[in-house]
Amino acid sequence: MLPYPHGVGSHAEYVTGPARAFTHKPAGIDHLQAGALPLAALTAYQALVETADVRPGQRVLIHAAAGGVGHLAVQIAKARGARVIGTASAAKHEFLRELGADEVIDYRSVDFTEAVRDVDVVLDPIAGETRTRSLNVLRPGGTLVSLKPGAAPDDEERAAQLGVRLKLMLVEADHAGMKAIAELAETGGLRAHIEATFPLAEAAEAHALGETNRTTGRSSWSSRATTPRDPTTARARIGSDRSVG
């Protein structure tokens with residue numbers, strides 16, 4: 001993964017970067033899979049493994065669990081032996097169960113704060129009200145990892161009152177983390193779901209699709225692709241996403 005958020009031009013067929021940003025592609029996955037994993041999987045890995053130190057038997061709540069980071073986080077948490085609870089729209093629940101989620105919550109019809117309690121770790125890629133309310137479902141000593149860094153004095157004060165940890169995190173290029181992700185992918189424990197593939201010339205449309213927060217898994221692009229691969233004609237030429245779930 002190139003240094004983020006100050007990368008050096010990943011929208012290209014060839015790039016250069018520091019050695020710590022790279023690891024060998026697992027032989028058992030194709031280049032499209034290899035390209036879809038680094039940013040999202042490293043984000044999930046650093047949040048769950050390096051920041052929250054998820055351990056076997058712990059209960060982990062993952063918001064936007066069907067999204068780009070979320071669906072990989074589900075797999076990483078399961079690989080760590082955790083019991084995984086995911087929030088997503090009802091249409092994506094079967095997808096999450098296939099990934100190994102133990103419980104699923106329809107965030108559109110169910111208040112997650114009433115459906116779950118005493119979790120050890122919350123992974124929150126949404127922030128705002130979701131982050132604030134998620135503090136209330138943690139057990140004392142639990143950890144909430146927010147992927148939207150920014151000033152959160154009220155949430156930090158509330159976390160201290162509840163006796164829980166609030167960690168704000170932004171992914172960083174890391175060779176050891178990339179190697180761990182590659183090993184997990186090689187053994188079949190981690191796979192990106194790619195909902196749509198775009199030609200490199202339509203990278204802007206892929207980004208627009210991602211910003212609508214409705215796709216399942218990842219959007220990707222390839223210098224060899226000649227036409228967009230659905231989803232629903234790029235959500236009617238942009239009514240959709242990559243990230244929320």
Side-chain angles (χ1 to χ4, degrees), residues 1-5 7 9-15 17 21-49 62 64-79 86 88 92 95-96 98-100 123 125 147 171-175 177-232 234-235 240-245:
M1 188 196 84
L2 295 175
Y4 178 85
S10 63
H11 291 39
E13 293 186 58
Y14 300 96
V15 297
F22 299 94
T23 193
H24 290 289
K25 179 185 82 67
I29 67 174
D30 61 26
H31 286 85
L32 200 59
Q33 271 289 315
L37 282 172
L39 177 61
L42 193 58
T43 299
Y45 183 86
Q46 289 179 354
L48 295 176
V49 179
I62 299 173
V69 172
H71 85 291
L72 298 171
V74 169
Q75 297 172 71
I76 290 170
K78 290 301 296 183
K92 300 177 182 179
F95 168 70
L96 290 178
E98 290 173 356
L99 294 179
L123 177 60
L147 303 182
V171 64
E172 298 179 352
D174 172 52
H175 177 76
M178 287 292 298
K179 186 176 179 181
I181 289 165
E183 291 173 352
L184 194 56
E186 183 69 79
T187 60
L190 184 66
R191 183 172 179 81
H193 173 82
I194 300 173
E195 180 165 313
T197 302
F198 294 83
L200 188 59
E202 296 184 18
E205 186 168 340
H207 278 290
L209 183 64
E211 290 168 3
T212 61
N213 297 334
R214 293 194 193 104
T215 60
T216 301
R218 303 278 291 157
S219 295
S220 186
W221 52 84
S222 167
S223 62
R224 294 182 174 84
T226 56
T227 58
R229 307 290 189 270
D230 222 323
T232 318
R235 289 288 193 288
S240 191
D241 132 30
R242 153 188 89 202
S243 233
V244 167

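Position 1 is the first residue of the sequence; numbering continues from there.
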Trainee: Do you know the tightest heavy-atom contact between His175 and Thr23?
Mentor: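 Shortest heavy-atom separation between His175 and Thr23 comes out as CE1-OG1, 3.9 Å.
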Trainee: Testing Leu37, Ile76, Leu72 for side chain to side chain contact (heavy atoms under 4.5 Å, CB included) with Leu184, which one passes?
Mentor: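 Testing Leu184 for a side chain to side chain contact (heavy atoms under 4.5 Å, CB included) against Leu37, Ile76, Leu72 leaves exactly one candidate, Ile76.
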Trainee: Identify each donor-acceptor pair in which a side-chain atom of residues 24-32 lies under 3.5 Å from a protein atom, sequence neighbours left out, and give them as a table.
Mentor:
residue: Lys25; atom: NZ; partner: Ile29; partner atom: O; Å: 2.6
residue: Asp30; atom: OD1; partner: Leu32; partner atom: N; Å: 3.2
residue: Asp30; atom: OD1; partner: Gln33; partner atom: N; Å: 2.7

Trainee: Please answer whether the main-chain N or O of His71 pairs with a side-chain N or O of His193 as donor and acceptor at a distance below 3.5 Å.
Mentor: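 Not at all, since once roles are kept as given, no pair shorter than 3.5 Å links the two residues.
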Trainee: Rounded to the nearest 0.5 Å, what separation is found between the CG atom of Leu48 and the CD1 atom of Ile62?
Mentor: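 Atom-to-atom, Leu48:CG and Ile62:CD1 are 5.5 Å apart.
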Trainee: How long is the straight-line distance from CG of Leu190 back to CD1 of Ile181, given to the nearest 0.5 Å?
Mentor: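 Answer rounded to 0.5 Å: 7.0 Å.
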Trainee: Identify the heavy atoms of Tyr45 and Gly177 that sit nearest to each other, and give their distance.
Mentor: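 Nearest pair, atom of Tyr45 first, then Gly177: CE2-CA, 3.9 Å.
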Trainee: Rounded to the nearest 0.5 Å, what separates atom CG in Leu123 from atom CG in Leu147?
Mentor: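 Leu123 CG to Leu147 CG: 5.0 Å, rounded to 0.5 Å.
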Trainee: Could you tell me which non-hydrogen atom of Asp174 sits nearest to which non-hydrogen atom of Leu42, and how far apart they are?
Mentor: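 Distance-wise, the nearest heavy atoms are N-CD2, 4.0 Å.
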